[in-house]
Amino acid sequence: MSAAENAEYLTLKWGTLKAWNFTSAEGIALLQRYFDIGSSMSAMMQHDTPEQKDIVCALIDVCRAPTIYLDWDDKEVSKEEAKEYVRSYGAKVPA
């Protein structure tokens, strides 16, 4: 396996997981926990529970990539920005 094929990454869309590659035992275990809770095969249809949002934030922390890709915005962001994106996605803005 080449270094590029082994590289970890995480892509988010609609506030949740869209694409990923984790090679660490910790990342793989977190993904398993996330999917054990239950998920949609479509990022657009997924509505993460608070626990799943916590898991996505943990995945962001353990991802070996220096940045996280936001698919809808077509940009790389810091891990802190990515966690804020996950936590705030879908939150109602007070009128």
Side-chain angles (χ1 to χ4, degrees):
M1 184 178 297
S2 73
E5 292 171 323
N6 198 32
E8 288 193 354
Y9 64 86
L10 183 58
T11 299
L12 304 173
K13 188 172 189 176
W14 291 301
T16 192
L17 301 176
K18 180 178 186 229
W20 57 86
N21 183 47
F22 284 92
T23 57
S24 70
E26 187 176 15
I28 292 167
L30 285 165
L31 282 171
Q32 186 63 53
R33 277 185 45 214
Y34 178 90
F35 289 114
D36 284 347
I37 293 169
S39 66
S40 172
M41 292 305 291
S42 165
M44 185 171 76
M45 300 300 295
Q46 178 64 25
H47 299 286
D48 286 340
T49 66
E51 182 181 1
Q52 284 173 309
K53 285 182 180 270
D54 289 344
I55 293 169
V56 173
C57 289
L59 284 165
I60 291 167
D61 284 334
V62 302
C63 185
R64 293 178 181 153
T67 59
I68 306 300
Y69 183 67
L70 301 184
D71 184 76
W72 189 260
D73 297 320
D74 188 29
K75 67 180 181 179
E76 299 281 339
V77 297
S78 71
K79 290 182 176 189
E80 288 307 312
E81 289 172 299
K83 289 188 284 187
E84 179 59 29
Y85 167 76
V86 168
R87 290 184 188 115
S88 65
Y89 191 85
K92 299 205 186 299
V93 178

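Everything numeric in this text was worked out from a predicted model, so none of it was measured.
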Once you round to the nearest 0.5 Å, how far does NZ of Lys18 lie from CG of Leu10?
-> 12.0 Å
From Lys53 NZ over to Thr16 OG1, what is the distance, rounded to the nearest 0.5 angstrom?
-> 7.5 Å
Decide whether Ile55 and Trp14 are clustered together by the hydrophobic rule: side chain heavy atoms of Ile, Leu, Val, Met, Phe, Trp, Tyr closer than 4.5 Å, transitively.
-> yes
Could you grab the distance from atom OH of Tyr34 to atom OG1 of Thr49, nearest 0.5 Å is fine?
-> 8.0 Å
What residues, two or more places apart in sequence or in another chain, satisfy ring pair (Phe, Tyr, Trp, His ring centres under 6.0 Å) together with Tyr9?
-> none
Test ring pair (Phe, Tyr, Trp, His ring centres under 6.0 Å) applied to Tyr85 - qualifying residues, sequence neighbours left out | Tyr89
Can you tell me if Gln52 uses its side chain to pair, donor with acceptor, with the backbone of Gly38 under 3.5 Å?
-> yes
Applying salt bridge (charged side-chain N to carboxylate O under 4.0 Å, His left out), name anything that partners Glu84, two or more places apart in sequence or on another chain.
-> none
Measuring from Ile37:CD1 to Asp48:CG, what's the distance to the nearest 0.5 Å?
-> 8.5 Å
If you measure from CZ on Phe35 to CG on Leu17, what distance do you get to the nearest 0.5 Å?
-> 5.5 Å
Before giving the answer on side chain to side chain contact (heavy atoms under 4.5 Å, CB included), spell out for Val77 and Leu12 the whole-Å C-alpha distance, their side-chain angles and the decisive distance to 0.1 Å.
-> CA-CA 11 Å; Val77 297; Leu12 304 173; over 6 Å; no
Which distance, rounded to the nearest 0.5 Å, do you find between the CG of Asn21 and the CZ of Arg64?
-> 10.0 Å
Considering all heavy atoms, the nearest Val86-Cys57 contact | CG1-SG, 4.1 Å
Heavy-atom closest pair, residues Ile28 and Thr23 | CD1-O, 4.0 Å
Please check if Leu31 and Tyr69 belong to a single hydrophobic cluster, counting links between Ile, Leu, Val, Met, Phe, Trp and Tyr side chain heavy atoms closer than 4.5 Å.
-> no
Does the pair Asp71 and Thr11 meet the rule for a side-chain hydrogen bond (donor to acceptor under 3.5 Å, both in side chains), with working shown?
-> CA-CA 6 Å; Asp71 184 76; Thr11 299; over 6 Å; no
Using a cut-off of 6.0 Å, state whether more than 12 heavy atoms not belonging to Glu26 lie near its atom CD.
-> no
Is the backbone of Ser24 close enough, under 3.5 Å, to the side chain of Glu8 for a donor and an acceptor to pair up by distance?
-> yes
Is the backbone N or O of Cys63 less than 3.5 Å from a side-chain atom of Lys79, with the two atoms forming a donor-acceptor pair by type?
-> yes
